[in-house]
Protein chains: 2
Amino acid sequence: MMKDEKKQERQEKILVEALKLFTEKGYFNTSVSDIQTASNLSVGTLYNYFHNKEAIAVTLFSNIENCLYEALCAIEKKHAGACDRCKAIIRHLYESTERNAASMQYLFYTKHREFMEVEKSVFTSLPFVKMKEIVLQGQKDGEFRKIEPDVAMMAIFGGPIRMIYQRIDGLLAKPLPQYLEESWECAWRSVRA
Amino acid sequence: MMKDEKKQERQEKILVEALKLFTEKGYFNTSVSDIQTASNLSVGTLYNYFHNKEAIAVTLFSNIENCLYEALCAIEKKHAGACDRCKAIIRHLYESTERNAASMQYLFYTKHREFMEVEKSVFTSLPFVKMKEIVLQGQKDGEFRKIEPDVAMMAIFGGPIRMIYQRIDGLLAKPLPQYLEESWECAWRSVRA
DNA sequence: GTCTATATGACGATAGAC
DNA sequence: GTCTATCGTCATATAGAC
């Protein structure tokens, strides 16, 4: 029996290569054979690790989602007010995009519904529920204007998320963190009480 | 020889059905056979109207893009300041989404790069260039704060565009125009001089 | 567990009769 | 111009040897 460590490592390799391919060429333009080749494994072995192509996509999504969710929980703990929390979240998203564009691209930029049974939309997933909670709390505490919560949510994060899309598409000259102050100021002005 | 009118009508039918299928199931989950069946045509006939599946997608994109571009030009003519223009644009986008969700979904929500040779991103296409022009003019005229133009652009339109995504995903209870005033107020507060 | 070889089926696109 | 029938290709997934 193979050591668990080695097994883990191989699974990780598959996920990394799949993520790279999915974000570069898209899910449907990536064949199982592509993933297998990039991972230096045979087809049979790949199917030993994942039940099918969709399972790879689902695992990837779930991993990235959980990772972001934990980061958001840490931010929530570290900062007190909704204002500080939201800014920290945007900073985290910007920095994550620079550090690991593929993950962010896969999370935000992919129409998961087209190939995964799950998910209504990324925006119903755990991290975004948490973000909404923070915004609602901010309204309750009088930090944010008491407008329609969906509008407030999108006023704060809509701009920064769009910045992330633009960066991923190669349409922004500078790294995202360099836009942080200005784009946060805009978000803040739009909803502060 | 068939009357041009009838020919036009059939081509239109193909485009309408293709748009419906592409937005419901996605481009890759839609087969040429699906389009052909929905259009009440044979495969052969369909290939007589379009060179291949991609050509249908390209024509669709181009039609919707032009239609939006013309609407933006009309708005530009009708309104004087950048502020009024931007609000009118957002109103137009909101109303279009309610009237014809599929078109807006196809324009905004589709990763065209994955199946079309063209386009870096929707955001480099004509309508969005026009939007950026309007924002730049607004900064020049002192209506908008003189921050990084990309940030200003996304501060204004990022929130509303995200609202459109949410509506398309069925995550907003009310029709978009009912959020217009509040979401415009947010956008405006974020960038006004 | 890992490999190679292959079954199965779908899809895009064409050929050729009418 | 329109149809039916079909071809070639390729992708997913499995079988079975090692």
Side-chain angles (χ1 to χ4, degrees), chain A residues 1-61 110-118, chain B residues 1-61 110-118:
Chain A
M1 182 180 159
M2 191 180 246
K3 279 198 298 184
D4 274 8
E5 197 183 306
K6 171 100 180 181
K7 226 181 132 181
Q8 188 73 25
E9 202 175 273
R10 278 197 161 179
Q11 172 144 343
E12 196 56 37
K13 174 78 173 165
I14 295 169
L15 289 172
V16 167
E17 296 301 330
L19 176 61
K20 213 180 292 178
L21 288 161
F22 288 167
T23 48
E24 270 168 19
K25 321 201 309 174
Y27 178 83
F28 291 101
N29 293 320
T30 301
S31 69
V32 173
S33 164
D34 289 336
I35 301 171
Q36 169 248 119
T37 305
S39 310
N40 281 317
L41 294 173
S42 65
V43 212
T45 305
L46 192 143
Y47 275 96
N48 190 35
Y49 282 85
F50 292 95
H51 180 246
N52 56 24
K53 186 178 159 187
E54 186 185 331
I56 301 176
V58 171
T59 305
L60 262 179
F61 182 77
T110 307
K111 299 184 67 181
H112 304 92
R113 296 223 55 186
E114 285 185 6
F115 53 87
M116 283 167 45
E117 291 292 311
V118 263
Chain B
M1 184 182 160
M2 191 180 244
K3 277 198 298 183
D4 274 9
E5 198 182 305
K6 172 99 179 185
K7 227 181 135 181
Q8 186 74 24
E9 204 174 89
R10 277 196 163 179
Q11 171 144 343
E12 195 56 37
K13 173 78 172 167
I14 294 168
L15 289 172
V16 167
E17 296 302 329
L19 175 62
K20 215 181 288 178
L21 288 162
F22 288 166
T23 49
E24 271 167 18
K25 322 201 309 175
Y27 178 84
F28 291 100
N29 293 321
T30 300
S31 68
V32 173
S33 164
D34 289 336
I35 300 171
Q36 169 248 115
T37 305
S39 310
N40 282 315
L41 294 172
S42 66
V43 212
T45 305
L46 193 142
Y47 275 96
N48 190 35
Y49 283 85
F50 291 95
H51 180 245
N52 56 22
K53 187 178 162 187
E54 187 185 331
I56 301 176
V58 171
T59 305
L60 262 179
F61 182 77
T110 306
K111 299 184 67 180
H112 304 93
R113 294 224 58 185
E114 285 185 6
F115 52 87
M116 281 166 47
E117 291 293 310
V118 262

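It should be emphasised that the depicted structure is a prediction, and the values quoted were computed from it without experimental measurement. All chains are named by letter (A, B, ...) in the order of the sequence lines, taking the proteins before the strands, and each is independently numbered beginning at 1.
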B:Asn40 atom CG is separated from D:dC3 atom P, nearest whole Å, by 10 Å

Before accepting this row, confirm whether a basic side-chain N of the pair B:Lys13/B:Glu9 lies closer than 4.0 Å to the acidic partner's carboxylate O.
no

Just verifying a value: how many Å separate A:His112 NE2 and A:Glu117 CD, rounded to the nearest 0.5 Å?
14.5 Å

Pairs under 3.5 Å (N/O, protein and nucleotides 11-13 of chain D):
{"residue": "D:dT12", "atom": "OP1", "partner": "A:Val32", "partner atom": "N", "Å": "3.4"}
{"residue": "D:dT12", "atom": "OP1", "partner": "A:Lys53", "partner atom": "NZ", "Å": "3.1"}
{"residue": "D:dT12", "atom": "OP2", "partner": "A:Val32", "partner atom": "N", "Å": "2.8"}
{"residue": "D:dA13", "atom": "OP2", "partner": "A:Tyr47", "partner atom": "OH", "Å": "3.1"}
{"residue": "D:dA13", "atom": "OP2", "partner": "A:Lys53", "partner atom": "N", "Å": "3.4"}

Are A:Phe61 and A:Met116 side-chain neighbours, meaning at least one heavy-atom pair lies under 4.5 Å?
yes

Kindly say if B:Arg10 contacts the phosphate of D:dT2, meaning a side-chain N or O under 4.0 Å from OP1 or OP2.
yes

Of D:dG1, D:dT2, C:dG1, the nucleotide closest to the side chain of A:Lys7 is C:dG1

When the rotation axes relating C1' atoms of four end pairs to the next four are compared across the helix from C:dG1-D:dC18 to C:dC18-D:dG1, five pairs an end, they differ to 10° by 10°

Check whether any side-chain N or O of A:Tyr49 sits under 4.0 Å from OP1 or OP2 of C:dG1, and answer yes or no.
no

Whole angstroms only, please: what is the CG-P distance between A:Asp34 and D:dC10?
12 Å

Whole-Å distance separating the NZ atom of B:Lys25 from the C1' atom of C:dA10:
13 Å

May I ask you to test the A:Lys7-A:Tyr49 pair for a side-chain heavy-atom distance under 4.5 Å?
yes

A:Tyr47 versus A:Gln36: any side-chain heavy-atom pair under 4.5 Å?
no

Are any of B:Ser42's side-chain N or O atoms less than 4.0 Å away from OP1 or OP2 of D:dC3?
yes

Backbone N or O of A:Lys25 within a donor-acceptor pair of the A:Asn29 side chain at under 3.5 Å?
yes

Once you measure the plane-to-plane angle for A:Phe22 and A:Phe115, does it fall in the parallel (<30°), tilted (30-60°) or perpendicular (>60°) bin?
tilted

Working to the nearest 0.5 angstrom, can you tell me the gap between A:Leu15 CG and A:Ile35 CD1?
9.5 Å

Determine, for A:Phe28 and B:Lys111, whether the Lys NZ or Arg CZ falls below 6.0 Å from the six-membered ring centre while staying within 45 degrees of the axis.
no

What is the distance, to the nearest angstrom, from the CG atom on B:Asn29 to the P atom on C:dA10?
14 Å

Atom-to-atom span, CD of B:Glu5 to P of D:dG1 - whole angstrom
15 Å

When rounded to whole Å, the CD to P distance for the pair A:Gln36 and C:dT2 reads 13 Å

Find the distance A:Lys6:NZ to C:dT2:P and express it as a whole number of Å.
8 Å

Here the distance between atom C1' of C:dT4 and atom CG of A:Asn48, to the nearest Å, is 15 Å

